[in-house]
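Okay, structure first, notes after.
Source: prediction; values computed, not measured.
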Amino acid sequence: DYPLRKVLYCGNCGLRLYKPRRLERYVKCRHKEVLGKHSACNDSRYPLDKIETLVRKTLRDQLLKLEQFCDQIEQEKSSIPDYSRELKKTRMQIRGLEDRKTRLYELYADGELSKELYLKERDEVKLQLAELKGKIAGLALPDESQESSFQEASHYVSLAKKLFSSGELTDEIVDAFIERINIYDEEHIEIIFKFDDLLGSAIGEKTLKNENGREGVRACS
């Protein structure tokens with residue numbers, strides 16, 4: 001009974017790794033025992049203590065990147081102007097100018113304004129309207145996709161603070177953060193976290209694809 005029992009797989013054949021006895025602290029792939037020389041796997045014993053140490057360190061590093069991302073977005077959000085207020089103000093100005101343009105035409109139609117003056121003032125209003133409409137189009141509104149990534153990252157960071165206080169791996173931590181661990185040999189371990197896609201899209205983390213096209217963090221033990 002060990003926390004990583006559900007997620008440890010052989011990276012070569014895809015079978016779940018086997019832990020021989022309750023007191024033994026290692027796992028191995030049994031594929032070679034069955035197929036012998038026809039198997040691409042090896043019969044090495046992978047020490048659980050070494051694997052768990054690597055997983056803890058890598059998980060901390062990745063969660064720290066998520067936390068840094070959250071801090072960065074918080075800073076950016078605090079410096080963003082109130083665009084909704086600016087948008088409302090600009091639209092009110094546009095409505096006022098549209099009303100003025102209509103009023104100018106009515107004055108001209110009633111003979112209270114000369115054609116020359118009407119055209120001059122109408123062109124000035126049109127110019128102001130174009131500037132205000134361009135201002136609305138240029139407003140840098142907050143990125144909705146970034147906000148979604150921020151909410152998801154905040155969830156994982158909050159979960160980590162709740163579950164990872166002791167620094168030891170538990171069933172809850174593995175279920176919350178780790179999707180799969182592929183062991184190819186003694187020196188190559190691929191850890192696939194449940195938030196890999198979030199790191200890739202929100203933070204631009206470089207990831208490696210395994211044979212199934214999934215993305216993960218490959219750490220050398």
Please determine whether the number of non-hydrogen atoms from other residues, nucleotides or ligands lying under 6.0 Å from atom OH of Y105 exceeds 12.
no
Is it true that atom NZ of K194 has more than 12 heavy atoms of other residues, nucleotides or ligands lying nearer than 6.0 Å?
yes
Using the side chain to side chain contact (heavy atoms under 4.5 Å, CB included) rule, take I183 and C10 through it: C-alpha gap first, then chi angles, then the decisive distance, then the call.
CA-CA 5 Å; I183 299 184; C10 174; over 6 Å; no
Using the benzene-type ring in the case of Trp, are the ring centres of F195 and Y156 under 6.0 Å apart?
yes
Whether K19 side chain and E24 backbone form a donor-acceptor pair below 3.5 Å
yes
Atom NZ in K65, atom CD in Q62: separation rounded to 0.5 Å?
4.5 Å
Quick one: NZ on K89 to CG on L132, what's the gap to the nearest 0.5 Å?
10.0 Å
Would you say the side-chain atoms of K101 pair up with the backbone N or O of L129, donor to acceptor, closer than 3.5 Å?
no
Report yes if some heavy atom in the side chain of E131 is under 4.5 Å from a heavy atom in the side chain of L127; otherwise report no.
yes
Hey, are E168 and R60 close enough for a salt bridge, meaning a charged N less than 4.0 Å from a carboxylate O?
no
Does L4 form a side chain to side chain contact (heavy atoms under 4.5 Å, CB included) with I181? I'd like the steps, not just the answer.
CA-CA 9 Å; L4 296 176; I181 298 173; 3.9 Å; yes
Under 4.0 Å between a side-chain nitrogen and a carboxylate oxygen: does that hold for D43 and R30?
no
Indicate the atoms forming the closest heavy-atom contact of Y46 with Y184, along with that distance.
OH-O, 4.3 Å
I'd like to know if E186 and R45 make a salt bridge, using a cut-off of under 4.0 Å between side-chain N and carboxylate O.
no
With a sphere of 6.0 Å drawn around CD of E116, does it hold more than 12 non-hydrogen atoms of other residues, nucleotides or ligands?
no
Report the distance from atom CD1 of I192 to atom OH of Y9, rounding to the nearest 0.5 Å.
10.5 Å
R95/D99 salt bridge by N-O under 4.0 Å criterion:
no
Gap separating the CG atom of L169 from the CG atom of L59, nearest 0.5 angstrom
7.5 Å
Short side-chain to backbone donor-acceptor contact, T53 and D49, under 3.5 Å:
yes
When you look at D171 and K6, which way does the salt bridge (Lys or Arg N to Asp or Glu O under 4.0 Å) test go after all the steps?
CA-CA 9 Å; D171 289 346; K6 297 178 182 179; over 6 Å; no
Smallest heavy-atom separation, L104 atom then R122 atom, equals CD1-N, 3.9 Å
Going through the checks in order, is the side chain to side chain contact (heavy atoms under 4.5 Å, CB included) test met by I189 and N182?
CA-CA 6 Å; I189 298 177; N182 294 318; over 6 Å; no
Quick one: do E121 and R100 satisfy side chain to side chain contact (heavy atoms under 4.5 Å, CB included)? Show the steps, please.
CA-CA 10 Å; E121 295 198 17; R100 174 167 173 73; 2.6 Å; yes
Between I173 and L8, is there a shared hydrophobic cluster once you connect ILVMFWY residues whose side-chain heavy atoms come closer than 4.5 Å?
yes
Any idea which heavy atoms bring F193 and I191 closest together, and the distance?
CZ-CG2, 3.4 Å
Measure the shortest side-chain to side-chain distance between P3 and V174 over non-hydrogen atoms and say whether it is less than 4.5 angstrom.
yes
Do you reckon Y2 sits in the same ILVMFWY cluster as L15, going by side-chain contacts under 4.5 Å, direct or chained?
no
Correct closest heavy-atom pair for L63 and A160 would be CD1-CB, 3.6 Å
Salt-bridge criterion met for R25 and E52 (N-O under 4.0 Å):
yes
So does L35 get a backbone contact from the side chain of S39, meaning a donor-acceptor N/O pair under 3.5 Å?
no
Do you know the tightest heavy-atom contact between C70 and V157?
SG-CG2, 4.2 Å
To the nearest 0.5 Å, what is the distance between OG1 on T90 and CD1 on I94?
6.5 Å
Treating Ile, Leu, Val, Met, Phe, Trp and Tyr as nodes and any side-chain heavy-atom pair under 4.5 angstrom as an edge, say whether Y26 and V55 lie in one connected cluster.
no
Is N42 reaching over with its side chain to a backbone N or O of S44, donor-acceptor style, under 3.5 angstrom?
yes
Could you state the interatomic distance from OG (S114) to CG (L107), rounded to the nearest 0.5 Å?
11.0 Å
Do E124 and K120 have side-chain heavy atoms sitting under 4.5 Å apart?
yes
Hey, are E190 and R180 close enough for a salt bridge, meaning a charged N less than 4.0 Å from a carboxylate O?
no
Which atom pair, heavy atoms only, marks the closest approach of C41 to N12?
SG-CB, 3.8 Å
Any link between I51 and L17 through a network of hydrophobic side chains (Ile, Leu, Val, Met, Phe, Trp, Tyr) touching at under 4.5 Å?
yes
Count I, L, V, M, F, W, Y as connected when their side-chain heavy atoms are under 4.5 Å apart, and connections chain through other members. Are L119 and Y108 then in the same cluster?
yes
Q93 side chain reached by K88 side chain, heavy atoms, under 4.5 Å
no
